[in-house]
There are 2 protein chains.
Amino acid sequence: MPKLVANDIATALKKRISSGEWIENGRMPPERDLASEFGVARNTVRRAVSFLEDDGTVVRHVGRGTFLTATNPGSMAATVSRMEGTSPADMMEIRQLLEPAAASFAATNASATELNAVREAHKIASESQDMPTFEHWDAEFHHRIFACSRNDFLKEIHNLMRILRNQAPWFEMKKRSFSEERRSIYCSEHQMVLDALLRRDPESASQAMLAHLRTVERNLLGR
Amino acid sequence: MPKLVANDIATALKKRISSGEWIENGRMPPERDLASEFGVARNTVRRAVSFLEDDGTVVRHVGRGTFLTATNPGSMAATVSRMEGTSPADMMEIRQLLEPAAASFAATNASATELNAVREAHKIASESQDMPTFEHWDAEFHHRIFACSRNDFLKEIHNLMRILRNQAPWFEMKKRSFSEERRSIYCSEHQMVLDALLRRDPESASQAMLAHLRTVERNLLGR
DNA sequence: CCTCCCTGAACCAATACTGAGCCAATTTTT
DNA sequence: AAAAATTGGCTCAGTATTGGTTCAGGGAGG
């Protein structure tokens with residue numbers, strides 16, 4: 001075992017739970033049994049189960065046992081885990097709804113300092129030479145626009161999208177669709193968004209962002 | 001020509017990260033392993049990894065290891081928990097972005113069965129006598145519109161909003177702003193949304209929904 | 001000469017896991 | 001009702017892993 005065994009056990013348990021194990025009475029085996037089954041110390045199992053407890057998958061009671069709560073489909077945890085299956089097409093659709101609005105809000109609400117942060121992210125992305133660096137500062141550019149939209153909920157939704165986009169299937173997709181030519185197109189589109197923000201022009205900021213996202217969608221989904 | 005081995009190793013690492021290596025659990029090998037793999041001293045690897053740390057590609061923890069920020073686990077949960085502090089004003093702003101779009105999607109994508117489900121929720125809400133029942137079927141009406149928008153991600157975002165709106169501070173707010181007169185206004189506005197959906201008219205579905213949400217916002221925030 | 005980068009090694013500090021034991025709450029058996 | 005067994009909550013000492021830091025040297029280039 002490479003280490004961080006508790007993490008592995010936690011994901012193994014989640015997998016077994018979602019595959020319907022222990023669902024008949026909603027009760028997991030005692031920690032001591034799991035420990036011997038996985039061949040680890042009980043402390044380790046305890047930590048693994050604590051992770052499940054943290055994200056609400058499970059509830060523990062002294063003297064009774066550990067019980068699944070996943071039977072509640074309306075919970076935050078369940079919602080979030082369903083989100084992980086989001087398709088690129090669905091996400092691009094929502095980005096085209098939210099990001100132009102965020103850009104519009106930003107044009108009216110941002111402070112000069114915040115706009116400078118946006119400009120800086122754009123600058124670094126433009127000057128970057130390799131794909132990982134560009135990726136990072138590209139994402140940062142978009143994120144900083146959300147950050148000055150002055151709507152915390154919107155900002156957090158974007159955080160969710162950002163996390164989802166950094167997971168495995170997306171990663172392959174981005175790699176395939178990356179090219180130097182596209183990078184420079186993205187940069188010039190970013191520039192137009194930035195210019196509109198600096199002019200404090202909500203309408204054209206929104207339009208520039210929408211145009212950019214349409215380009216991204218075409219490149220990503222090959223439409 | 002200067003050697004700058006650390007730089008070369010840093011770019012090599014970035015390349016391997018961007019090619020998806022170590023993405024499964026988001027963890028890089030220990031510095032000592034990398035050192036022997038690259039055939040250099042650990043100090044050199046450390047400097048290379050420091051570059052990755054500087055541009056945010058990676059986070060290091062003593063005793064745990066070095067992790068890719070892209071797959072940082074638990075940030076999803078953190079994001080959701082930050083969402084719990086969402087203000088009513090922020091949420092209403094986002095609802096006015098998303099729900100008209102959902103209604104528009106629904107008008108073009110919904111099946112007849114799904115539209116019947118929407119109609120049914122509207123009917124029960126209209127006929128309800130007490131506030132909790134109305135609340136529930138009101139929420140259900142909105143949710144079922146999202147359900148036939150054919151965008152799973154959008155649907156899950158609405159789920160999040162719905163969960164947040166069912167928490168304590170919101171509940172008080174809704175109770176205060178509830179009245180029989182307002183209930184009947186809501187119902188007639190719902191009716192207009194439903195009519196537009198049944199006519200398969202995306203544009204007026206979107207407008208009717210927006211009009212409704214503006215009413216809700218006025219009542220809730222007293223504007 | 002000095003400066004800079006790398007090597008090699010040692011030690012420190014934080015974290016993870018083991019194995020064992022005891023406590024407290026609950027359920028089951030007597 | 002009382003005793004025993006079960007189960008999660010908690011602590012501790014010990015070992016191993018891993019990033020953080022420092023130091024003494026070597027070699028290349030100014």
Side-chain angles (χ1 to χ4, degrees), chain A residues 1-14 16-17 21-71, chain B residues 1-14 16-17 21-75 77-78:
Chain A
M1 292 235 193
K3 235 190 152 185
L4 297 187
V5 189
N7 270 2
D8 299 343
I9 293 184
T11 60
L13 289 177
K14 273 190 200 172
R16 287 168 65 172
I17 288 173
E21 205 165 341
W22 310 314
I23 214 165
E24 65 285 357
N25 56 0
R27 189 187 177 190
M28 280 178 54
E31 295 172 351
R32 289 169 174 85
D33 293 1
L34 288 174
S36 78
E37 177 185 336
F38 283 105
V40 300
R42 184 162 78 101
N43 274 343
T44 308
V45 168
R46 277 189 60 72
R47 209 128 50 85
V49 177
S50 296
F51 294 150
L52 304 198
E53 193 180 17
D54 288 343
D55 57 39
T57 311
V58 115
V59 183
R60 305 201 265 196
H61 298 286
V62 181
R64 298 185 57 210
T66 302
F67 299 85
L68 312 189
T69 56
T71 53
Chain B
M1 146 184 150
K3 292 192 75 173
L4 292 187
V5 188
N7 262 348
D8 297 345
I9 293 185
T11 61
L13 288 177
K14 276 190 197 172
R16 286 170 66 174
I17 289 174
E21 205 165 342
W22 310 314
I23 211 166
E24 66 286 354
N25 56 0
R27 189 188 183 200
M28 280 178 56
E31 294 172 353
R32 289 166 175 86
D33 293 2
L34 288 174
S36 78
E37 178 184 335
F38 283 105
V40 299
R42 184 161 80 103
N43 277 343
T44 310
V45 167
R46 276 190 60 70
R47 212 130 48 83
V49 177
S50 296
F51 295 150
L52 304 199
E53 193 179 19
D54 289 343
D55 61 36
T57 310
V58 116
V59 182
R60 305 201 265 194
H61 299 286
V62 181
R64 299 190 60 210
T66 303
F67 299 84
L68 314 190
T69 50
T71 51
N72 180 8
S75 57

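So you know, we letter chains A, B, ... as the sequences are listed, proteins then strands, and number each from 1.
With rounding to the nearest 0.5 Å, the separation of CG in A/Asn7 from CZ in A/Phe51 is 5.0 Å.
Nearest-nucleotide mapping onto DNA chain C: of A/Ala41 and B/Gly63, the residue sitting toward the 5' end is B/Gly63.
Atom P of nucleotide C/dG21 and atom CD of A/Glu31 are separated by 18 Å, given to the nearest angstrom. Distance B/Arg46 CZ to C/dC12 C1': 12 Å, rounded to the nearest Å. B/Arg42 places its CZ atom 7 Å from the P atom of D/dG19, with the value rounded to the nearest Å. Nucleotide C/dG8 holds its P atom 15 Å from the CZ atom of B/Arg32, rounded to whole Å. The interatomic distance linking A/Arg47 (CZ) with D/dG9 (P) rounds to 15 Å, in whole Å. Residue B/Arg60 contributes atom CZ, which lies 12 Å from atom C1' of D/dT21 at whole-angstrom precision. Rounded to whole Å, atom C1' of D/dA16 lies 14 Å from atom CG of B/Asp33. Protein atom NE2 of B/His61 is 10 Å distant from nucleotide atom P of D/dG20, rounded to whole Å.
Among D/dG8, C/dC17, C/dT7, the nucleotide with an atom closest to any side-chain atom of B/Val40 is C/dT7. The side chain of B/Asn43 lies closest to D/dT22, out of D/dT22, C/dC17, D/dG19. Relative to the side chain of B/Arg64, the nucleotides C/dA16, D/dG8, D/dC12 differ in distance, and C/dA16 lies closest. Set against D/dT7, C/dC17, C/dT18, the side chain of A/Ala6 has C/dC17 as its closest nucleotide. Taking the side chain of B/Val62 as heavy atoms from C-beta on, and the options C/dA13, C/dC22, C/dC17, the nearest nucleotide is C/dA13.
With respect to A/Glu53 and A/Arg47, no salt bridge is recorded, no charged nitrogen being found less than 4.0 Å from a carboxylate O. Taking 4.0 Å as the cut-off between side-chain N and carboxylate O, B/Glu37 and B/Arg16 count as a salt-bridged pair.
Contact annotation: A/Thr66 reaches the phosphate of D/dG8 (side-chain N/O to OP1 or OP2, under 4.0 Å). A sub-4.0 Å separation between OP1 or OP2 of C/dT18 and a side-chain N or O of A/Thr44 is present.
Panel note: side chain B/Thr69, backbone B/Thr57; a donor-acceptor pair is recorded below 3.5 Å.
Among the atoms of the strands shown, none is found under 4.0 Å from any heavy atom of A/Val49.
Using modelled atom types, one finds a donor on one side chain and an acceptor on the other under 3.5 Å when comparing A/Arg60 with A/Ser50.
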